[in-house]
Amino acid sequence: MITRRIFIKNTVTAAVGLHVIGSDGWAQTVPSFVTNRPAPDKRTFVSNAVDQTIAEVKAQIRDPELAWMFENCYPNTLDTTVDYEVIDGKPDTFIITGDIDAMWLRDSTCQVWPYMPLINKDKKLALMIQGLINRQVKCVLLDPYANAFYKDLSRVSEWNRDRPKMKPGVHERKWEIDSLCYVVRLAHAYYQSTQDTSVLDADWDRAMHTIVDTFKTEQRKDGTSPYRFIRETSRMTDAPVHEGTGRPMRPVGMICSMFRPSDDATVLPFLIPSNLFANQVLRQLAVMYTSALNNPAFAQECTALADEVQKGVDTWGTATHLDYGRIYAYEADGFGNHLFMDDANVPSLISLSYLGIYPSSDRLYRDTRKYLLSDDNPWYLRGKAAEGYGSPHTGKNGIWPMGIILRALTSDDPAEIGSCLAMLKATHAGTGFMHESFNKDNPADYSRSWFAWANTLFGELVVSIYHQYPAILKALPS
């Protein structure tokens with residue numbers, strides 16, 4: 001397990017017994033769960049729309065433990081991780097990931113994503129999202145290859161011995177395609193919801209051109225890249241092989257990613273879910289540059305790049321599995337080699353329908369999902385406590401709540417969704433919060449006590465169930 005500085009902010013609040021008379025006339029003791037949210041004056045950001053959603057949804061959850069978990073988790077990003085202010089007349093929002101005191105481009109977008117449907121109801125919330133867009137632009141312009149940042153430029157990273165030397169303000173410099181994709185995803189969703197173009201300013205424009213240029217560079221059409229990453233470590237997944245440049249690849253239109261969303265090094269350079277994500281956000285950029293910024297030339301550049309990536313994935317990113325037919329590989333190299341697996345971190349193959357890249361009815365996605373939830377996927381784990389996705393990042397025995405959540409979010413089967421919810425309820429180890437991972441046989445053995453992305457994603461799942469399958473929440477506790 002990787003060693004990092006831990007800042008424990010959430011504490012466990014035990015349930016207390018409430019003595020009541022049941023409908024059958026017998027005295028019963030039912031648990032009464034006290035919120036684990038910080039006191040209102042200790043919360044890092046407050047949204048009336050979020051608090052109203054909590055009250056509305058919680059009132060429909062019959063299981064008191066599940067209602068307690070939802071109230072703890074859904075607002076966790078706002079309660080504990082937001083640093084919002086106005087800098088030079090513009091909103092600025094820095095969002096740490098939780099017990100690691102730095103901001104990931106990926107995590108910060110995912111942490112606020114469940115609140116996006118509420119931004120037209122809460123001006124403060126909309127300003128906070130604007131601030132995050134502005135902060136992410138600063139990060140991209142500082143270093144488009146970095147995945148995580150500090151607000152305080154004088155902070156010295158625990159990874160300061162990584163090579164090449166990082167710029168001030170960079171926490172870690174692992175090149176992951178999805179880091180830049182999430183920057184576009186957030187801006188596009190904000191614009192689509194509000195039609196507000198104020199954040200699409202000159203700095204944002206420069207950042208978007210930087211993103212497209214970086215994607216093109218990492219297609220490595222001449223076989224080379226200016227990027228390399230070297231770390232002194234005993235963890236083989238912490239740096240690409242061959243002096244930080246990765247394994248050989250053949251240029252086929254896809255974009256190389258030296259790291260996965262887990263921050264683990266890729267085995268083969270073309271990470272398929274991240275390339276599909278890039279294809280999606282490039283087309284979103286084309287929409288914004290056509291409808292909002294009147295720059296058809298750059299819009300066409302984005303579309304042409306997306307077409308190259310899609311063709312590369314279609315040709316080299318799928319293969320015929322012995323038992324499941326044609327499915328997506330997790331990684332490829334353009335020589336015809338493929339790695340079949342999936343990782344709990346998003347983007348993953350199972351998350352493609354959650355991200356809106358493919359509908360859940362798409363045959364290729366459906367067949368891939370069937371493989372992913374089988375024992376043929378080496379990172380689908382079954383234990384005494386639960387079954388679900390793991391990740392090489394946390395070892396051979398760790399199931400990720402995030403993986404169980406994504407399984408539920410990509411399902412249209414109420415029984416499957418209910419089963420996922422039951423496993424999440426059974427594995428929070430009495431804390432009322434999600435964790436990075438837990439031992440498949442012992443949920444009390446978990447990693448990361450304060451992981452805001454997983455917490456807020458759990459809240460998103462419950463809200464989704466509330467809107468689509470309310471009967472699940474109205475069921476008796478089990």
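For the single chain, residues carry numbers from 1 onward in sequence order.
- For the salt bridge (Lys or Arg N to Asp or Glu O under 4.0 Å) with E85, the qualifying choice from R135, K151, K90 is K151, the only one to do so.
- Residue Y328 holds its OH atom at 11.0 Å from OH of Y365, rounded to the nearest 0.5 Å.
- Residues E176 and S257 approach most closely at CA-OG, 3.6 Å, considering heavy atoms.
- Remark: of the listed residues F433, F458, Y115, Y115 is the sole one forming a ring pair (Phe, Tyr, Trp, His ring centres under 6.0 Å) with Y74.
- The pair D445-K440 does not meet the salt-bridge criterion, since no charged nitrogen lies less than 4.0 angstrom from a carboxylate oxygen.
- The existence of a salt bridge linking D203 and K138 is excluded, since no basic side-chain nitrogen approaches an acidic carboxylate oxygen closer than 4.0 Å.
- Contact check for V212 versus E301: side-chain heavy atoms found under the 4.5 Å cut-off.
- Salt bridge R173/D143: present, at least one basic N to carboxylate O contact under 4.0 Å.
- Within a 6.0 Å radius of CD in E243, no more than 12 heavy atoms belonging to other residues, nucleotides or ligands are found.
- Between the side chain of N439 and the backbone N or O of P443 there is no donor-acceptor pair closer than 3.5 Å.
- A donor and an acceptor atom, one from each side chain of T214 and T217, are nowhere located under 3.5 Å apart.
- Exactly one of T97, N345, T456 qualifies for a side chain to side chain donor-acceptor pair (under 3.5 Å) with D107. That residue is T97.
- Between R382 and D375 there is a salt bridge, since a side-chain N of the basic residue sits under 4.0 Å from a carboxylate O of the acidic one.
- Side chains of Q310 and D314: a donor-acceptor N/O pair is present below 3.5 angstrom, by distance only.
- The backbone N or O of I255 sits less than 3.5 Å from a side-chain atom of N275, completing a donor-acceptor pair.
- Residues D343 and Y389 have side chains that never bring a donor and an acceptor to within less than 3.5 angstrom of each other.
- Counting only N and O atoms by type, the side chains of E218 and Y227 include no donor and acceptor under 3.5 Å apart.
- For Y182 and F277, the gap between ring centers is short of 6.0 Å.
- No donor-acceptor pair under 3.5 Å is formed between the side chain of T315 and the backbone N or O of G312.
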Worksheet item: What's the verdict on side chain to side chain contact (heavy atoms under 4.5 Å, CB included) for L180 and I177, showing C-alpha distance, side-chain angles and the deciding distance?
Response: CA-CA 6 Å; L180 299 185; I177 295 171; over 6 Å; no

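- Side-chain contact, S411 with D413: no donor N or O sits under 3.5 Å from an acceptor N or O.
- Here the SG-CG distance, from C110 to L457, works out to 8.0 Å after rounding to the nearest 0.5 Å.
- Closest heavy-atom contact between A452 and T81: CB-CG2, 3.8 Å.
- Between W104 and H171, the distance from one ring center to the other falls under 6.0 angstrom.
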Discussion item. Between H209 and F298, does the ring-ring contact (aromatic ring centres under 6.0 Å, His included) criterion hold? Intermediate values first, please.
Written reply: CA-CA 9 Å; H209 279 77; F298 187 60; 3.8 Å; yes

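- Residues T266 and P269 share a closest heavy-atom pair of OG1-CA, 4.2 Å.
- A salt bridge does not link D263 to K174: none of the charged nitrogens lies less than 4.0 Å from a carboxylate oxygen.
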Worksheet entry | Working for salt bridge (charged side-chain N to carboxylate O under 4.0 Å, His left out), residues R235 and D264 | CA-CA 9 Å; R235 285 174 55 94; D264 289 345; 3.8 Å; yes

Fill in: Candidate pair V313 and I272, rule side chain to side chain contact (heavy atoms under 4.5 Å, CB included), full reasoning
CA-CA 7 Å; V313 171; I272 303 306; 4.1 Å; yes

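- Within 6.0 Å of CZ in R161 there are 12 or fewer heavy atoms belonging to other residues, nucleotides or ligands.
- Considering CZ of R366 and CD1 of I327, their distance stands at 13.5 Å, rounded to 0.5 Å.
- In this structure, H428 contributes its side chain and L424 its backbone to no donor-acceptor pair below 3.5 Å.
- Shown here for L349 and L372, the closest heavy-atom pair between the two residues is CB-CD1, 3.7 Å.
- In this structure a side-chain-to-backbone donor-acceptor pair under 3.5 Å is present from Q111 to I96.
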Item to complete: List the steps and the verdict of side chain to side chain contact (heavy atoms under 4.5 Å, CB included) for V183 and T109.
Response: CA-CA 7 Å; V183 174; T109 292; 5.8 Å; no

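- Put simply, CG on N442 and NZ on K384 are 9.5 Å apart, with the number rounded to the nearest 0.5 Å.
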Discussion item. R260 vs E331, test: salt bridge (charged side-chain N to carboxylate O under 4.0 Å, His left out). Steps then yes/no.
Written reply: CA-CA 10 Å; R260 300 167 176 169; E331 293 172 358; 2.6 Å; yes

Practice prompt. Check the pair H393, T237 against side chain to side chain contact (heavy atoms under 4.5 Å, CB included), reporting the backbone distance first and the verdict last.
Written response: CA-CA 8 Å; H393 191 69; T237 58; 5.7 Å; no

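- In this structure, the side chain of T245 engages the main chain of H242 through a donor-acceptor pair within 3.5 Å.
- Taking the ring pair (Phe, Tyr, Trp, His ring centres under 6.0 Å) definition, one finds that H321 meets it with Y324, F340, Y371, sequence neighbours left out.
- Of the possible donor and acceptor atoms, none in the side chain of N455 sits under 3.5 Å from a partner among the backbone N and O of C73.
- In this structure, W175 has its ring center closer than 6.0 angstrom to the ring center of Y145.
- Nearest heavy atom pair, residue E436 against residue P401, reads O-CD, 3.4 Å.
- Side-chain contact annotation: W450 with T80, donor-acceptor N/O pair under 3.5 Å present.
- Between atom OH of residue Y446 and atom OG1 of residue T394 there is a gap of 15.0 Å, rounded to the nearest 0.5 Å.
- Under a 3.5 Å cut-off, the side chain of S447 and the backbone N or O of S437 do form a donor-acceptor pair.
- In this structure, F45 and Y84 have perpendicular ring planes: the angle between them is above 60°, well past the 30° mark.
- Contact check on K216 versus E308 returns no salt bridge, with no Lys/Arg side-chain nitrogen under 4.0 Å from an Asp/Glu carboxylate oxygen.
- Panel note: side chain S348, backbone A344; no donor-acceptor pair is recorded below 3.5 Å.
- The cationic atom of R250 (NZ for Lys, CZ for Arg) does not lie both less than 6.0 Å from the six-membered ring centre of F335 and within 45° of the ring axis.
- Side-chain atoms of S108 and Q136 form a donor-acceptor pair, as typed in the model, at a separation below 3.5 Å.
- Put simply, the side chain of R163 never gets that close to the backbone of I230: no donor and acceptor are under 3.5 Å apart.
- A salt bridge is defined here as a Lys NZ or Arg NE, NH1 or NH2 lying under 4.0 Å from an Asp or Glu carboxylate O, and D342 with R369 fails to meet this definition.
- To the nearest 0.5 Å, atom OG1 of residue T410 and atom CD1 of residue I350 are 4.0 Å apart.
- The two residues L78 and T44 come nearest to each other via the heavy atoms O-OG1, 2.5 Å.
- Taking the charged nitrogens against the carboxylate oxygens, R363 and D367 do have a contact shorter than 4.0 Å, which makes a salt bridge.
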